[in-house]
Amino acid sequence: MTTTQQRSTALGAATLAELAQSVRGDLLTPDNDQYDDARSIWNAAHDRRPALIMRCTGVADVIKGVQFARSENLPLALRGGGHSIPGFSTVDGGLVLDLSAMKGIRVDPSRKRVVAQAGSLWADVDNETQAFGLALTGGLVSTTGIAGFTLGGGIGWLVRRCGLTCDSLVSADVVTADGRLLRASADEHPDLFWALRGGGGNFGVVTAFEYALYDVGPTVHAGAVFYPGEHAQAILESYRKACAAAPDALSTAVNLTTAPPAPFLPESVHGKPIVAVLGMWSGPLAEGDDRTRPLRELGPVITDLFGPMPYLAMQTLIDPLYPRGIHNYFRSAFFDELDEDRIASVLRSYHAAPNALTELHIHHLGGAMSRVPAGSTAFATRDQDFILNAVARTPDAEGFSAAADWARAATDGIGADSAMYVNFTGEAGADQVRASYPPETYDRLVAVKDQYDPANLFRLNQNISPSAS
Ligand SMILES: Cc1cc2nc3c(=O)[nH]c(=O)nc-3n(C[C@H](O)[C@H](O)[C@H](O)COP(=O)(O)OP(=O)(O)OC[C@H]3O[C@@H](n4cnc5c(N)ncnc54)[C@H](O)[C@@H]3O)c2cc1C
């Protein structure tokens, strides 16, 4: 008998029937027709069988779910957009609190604020806020959930102009391990508010996020330019110079990968190494062509797709490249300079790429993100101008472990003491979590954990262990 069957049986029909009467959302067990769909997450590398999936309809369901997990001693997984790379939003034999149906969004254009429920995706929030020409730093891929994304930090095409997503957080509604609903903000439970901005899902279930908004678009100057892979070294050297001179309203990233068979690329390069430089200028539109030109002159251009486009189009541009249902492992390393040694290390990894799906992303950070005082949020790595995200992907389990090893080697090559980013990390060992925070930030996170979740109910995450464990 599997753990799931044992737990489902142990829950018993009477217990489940009692729960079903007290919640409004669906309860799915392994015998339900929708169970297989409901248990799957974006990253197919994690195929787990929860004992129970609760599709929450609101805060009341979330409170009951938290109480149920405690009373039945069930491992508890939280799900927003379901894009966790290490698979934290599912669990063998436990309870999944699935908030994906909670997508209520209210924009207040006069105050430039939005309140979004925790099941919203970036596509949902971008769509509502852009109706008023407003936005905040959102995901590069619109199918990603706002919940896990915000709680880990949040890097997107507005990061240098508006900071991380968590820097725009004004307040959060949180159901804590004891089943209370708290509002965390600069004035209410400020310690919890501090921890939520970078400390991940360790402290409770966030049911709604309130964010500050900025005037953005609706047209921006954005896109991608493609260069031949054999010029990667010269391109990275020139990219370093372009980044040093980049204004805050320009956020960019390089992707060293293999050319997909896309119609906008000539057939002659399909399947060959390629360097894509992507980015967004969100300043005055008339300046867009000039401001993005340095990025479009890094080498011999294959295709230049930069130009004026709707903000919403840029926010969904690369969605098709990140499909659900294949095996994924990410690993990251922050670094201060794209110096010769680091370029050499990245190129070694590029040449050793195990398959055509693997990618090496270098995001240019700094700007507004770097001006937020490091101690003011749990996301504390603000003095590093770049992050490397090594993306290892395979269609299925074959070759996945070797691809993950490649990603580990790629990020190790950046520097032994490089900090990691919790949202771009495919595993969850205690060492990885410690490597994601400076020691004083980690200690402070433990103190907040001790206060709000001393028994570690919320442990399926980049876990901050409470002192008692
Ligand atoms: C295709 C893709 C593109 C990405 N692009 C970017 C990017 O551009 N920038 C970036 O910074 N990151 C990016 N990421 C990483 C992303 O930020 C994380 O994977 C994030 O955790 C996804 O959030 P989610 O809500 O979709 O995930 P979920 O799997 O639903 O949740 C992940 C974890 O977040 C916590 N959590 C979720 N909901 C709640 C809640 N309501 N309350 C408390 N904790 C909760 C839990 O610990 C949960 O295990 C990307 C990931 C993918 C797969």
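Each ligand, and each atom within it, is numbered from 1 in the order the structure gives. Numbering starts at 1 and runs along the sequence shown. Not measured: the values here are computed from a predicted model.
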Quiz item: Can you name the one residue among Leu182, Val62, Val206 that meets side-chain contact (heavy atoms from CB on, under 4.5 Å) with Val175?
Solution: Val62
Exercise. Could you give me the CA-CA distance, side-chain angles and deciding distance for Tyr322 and Thr144, then say whether side chain to side chain donor-acceptor pair (under 3.5 Å) is met?
Key: CA-CA 10 Å; Tyr322 299 96; Thr144 315; over 6 Å; no
Exercise. Compute the shortest N/O to N/O distance between Phe330 and ligand 1 and return yes if it is under 3.5 Å, no if not.
Key: no
Quiz prompt | Residue pair Thr377, Arg382: steps toward the side chain to side chain donor-acceptor pair (under 3.5 Å) verdict | solution = CA-CA 10 Å; Thr377 63; Arg382 294 188 179 269; 2.9 Å; yes
Exercise. Consider ligand 1: state whether an atom of it lies below 4.0 angstrom from any non-hydrogen atom of Gly153.
Key: no
Practice problem: Kindly confirm or rule out an N or O of Arg79 lying under 3.5 angstrom from an N or O of ligand 1. | Solution: no
Exercise. Establish, from distance only, whether the side-chain atoms of Arg324 and Ser40 form a donor-acceptor pair under 3.5 Å.
Key: yes
Quiz item: Can you tell me if CZ on Arg24 sees more than 12 non-hydrogen neighbours from other groups inside 6.0 Å?
Solution: no
Practice problem: From the options Ala172, Gly81, Gly201, select the one whose nearest heavy atom is closest to atom 35 (C) of ligand 1. | Solution: Gly201
Self-check item: Polar contact flag for Tyr322 and ligand 1 (N/O pairs, less than 3.5 Å)
Solution: no
Self-check item: Asn461 N/O to ligand 1 N/O under 3.5 Å
Solution: no
Quiz item: For Ile155 and ligand 1, does the shortest N/O to N/O distance drop below 3.5 Å?
Solution: yes
Quiz item: Can you check side chain to side chain contact (heavy atoms under 4.5 Å, CB included) on Val433 and Tyr442, steps first, answer last?
Solution: CA-CA 9 Å; Val433 181; Tyr442 188 84; 4.0 Å; yes
Quiz item: Given that the side chain starts at C-beta and the backbone is N, CA, C, O, which of these parts of Phe424 lies under 4.0 Å from ligand 1, counting heavy atoms, or is it both or neither?
Solution: side chain
Quiz prompt | Leu460 and ligand 1 - part of the residue with a heavy-atom distance under 4.0 Å | solution = backbone
Exercise. Have a look at Gly200, Ala147, Gly154, Gly119 and point out the one with the heavy atom closest to atom 39 (C) of ligand 1.
Key: Ala147
Self-check item: Phe386-His364 aromatic ring centre distance below 6.0 Å
Solution: yes
Quiz item: Please state which protein non-hydrogen atom is closest to atom 26 (O) of ligand 1 and give its distance, to 0.1 Å?
Solution: Gly145 N, 2.9 Å
Practice problem: Give the atoms of ligand 1, by number and element, whose distance to some non-hydrogen atom of Leu99 is under 4.0 Å. | Solution: 41 (N)
Quiz item: To the nearest 0.1 Å, how far is atom 5 (N) of ligand 1 from its closest protein heavy atom, and which atom is that?
Solution: Thr144 OG1, 4.3 Å
Quiz item: Which of the atoms of ligand 1 are close to Ala118, meaning less than 4.0 Å from one of its heavy atoms?
Solution: 41 (N)
Self-check item: Enumerated ligand 1 atoms positioned under 4.0 Å from heavy atoms of Ile85
Solution: 53 (C)
Quiz item: Quick one: nearest non-hydrogen protein atom to atom 41 (N) of ligand 1, plus distance?
Solution: Val206 O, 2.8 Å
Self-check item: Heavy atom of the protein closest to atom 19 (O) of ligand 1 (residue, atom name, distance)
Solution: His83 O, 2.9 Å
Practice problem: Would you kindly specify which portion of Ser84 sits under 4.0 Å from ligand 1, judged on non-hydrogen atoms: side chain, backbone, both or neither? | Solution: both
Practice problem: Flag Gly82 as yes when one of its N or O atoms lies below 3.5 Å from any N or O atom of ligand 1, and as no otherwise. | Solution: yes
Exercise. Return yes when Gly204 approaches ligand 1 closer than 4.0 angstrom through a heavy atom, no otherwise.
Key: yes
Self-check item: Shortest protein heavy-atom distance from atom 8 (O) of ligand 1, along with the residue and atom involved
Solution: Leu140 N, 3.0 Å
Quiz item: Any idea which atoms of ligand 1 are less than 4.0 Å away from a heavy-atom of Phe88?
Solution: 49 (O)
Quiz item: How far is atom 17 (O) of ligand 1 from its nearest protein heavy atom, and which residue and atom name does that atom have?
Solution: Asn423 ND2, 3.1 Å
Self-check item: Per-residue contact class, Leu151 against ligand 1 - non-hydrogen pairs under 4.0 Å
Solution: side chain
Practice problem: Could you verify whether a donor N or O on one side chain and an acceptor N or O on the other, from Asp191 and Tyr452, lie under 3.5 Å apart? | Solution: yes
Self-check item: Option with minimal heavy-atom separation from atom 10 (C) of ligand 1, where the choices are Trp42, Phe458, Phe149
Solution: Phe149
Practice problem: Fit a plane to each ring of Trp42 and His83, take the angle between them on a 0 to 90° scale, and name the class: parallel (under 30°), tilted (30 to 60°) or perpendicular (over 60°). | Solution: parallel
Quiz item: Stepwise, does the side chain to side chain donor-acceptor pair (under 3.5 Å) test hold for Tyr211 with Thr150?
Solution: CA-CA 10 Å; Tyr211 303 101; Thr150 304; 2.7 Å; yes
Quiz item: Given Leu250 and Leu295, is the side chain to side chain contact (heavy atoms under 4.5 Å, CB included) satisfied, shown in steps?
Solution: CA-CA 10 Å; Leu250 183 61; Leu295 296 167; 4.1 Å; yes
Quiz item: If you measure only the distance, is there a donor-acceptor pair under 3.5 Å linking the side chains of Asp178 and Thr176?
Solution: yes
Quiz item: Is the NZ or CZ atom of Arg408 positioned over Tyr329's six-membered ring, under 6.0 angstrom from the centre and within 45° of the axis?
Solution: yes
Quiz item: Looking at ligand 1, does Phe203 have a heavy atom less than 4.0 Å from it?
Solution: no
Self-check item: For atom 29 (O) of ligand 1, the protein heavy atom that lies nearest, with its residue and separation
Solution: Ser89 OG, 2.6 Å
Quiz prompt | Stepwise side chain to side chain contact (heavy atoms under 4.5 Å, CB included) test for Arg161 and Val216 | solution = CA-CA 10 Å; Arg161 182 179 152 203; Val216 175; 3.7 Å; yes
Practice problem: Give the residue, atom name and distance (to 0.1 Å) of the protein heavy atom nearest atom 31 (O) of ligand 1. | Solution: Leu78 O, 4.1 Å
Quiz prompt | With Ser171, the side-chain hydrogen bond (donor to acceptor under 3.5 Å, both in side chains) member among Arg183, Glu188, His189, Arg113 | solution = Arg183
Self-check item: Nearest-0.5 Å distance, CG of residue Leu169 to CZ of residue Phe193
Solution: 4.5 Å
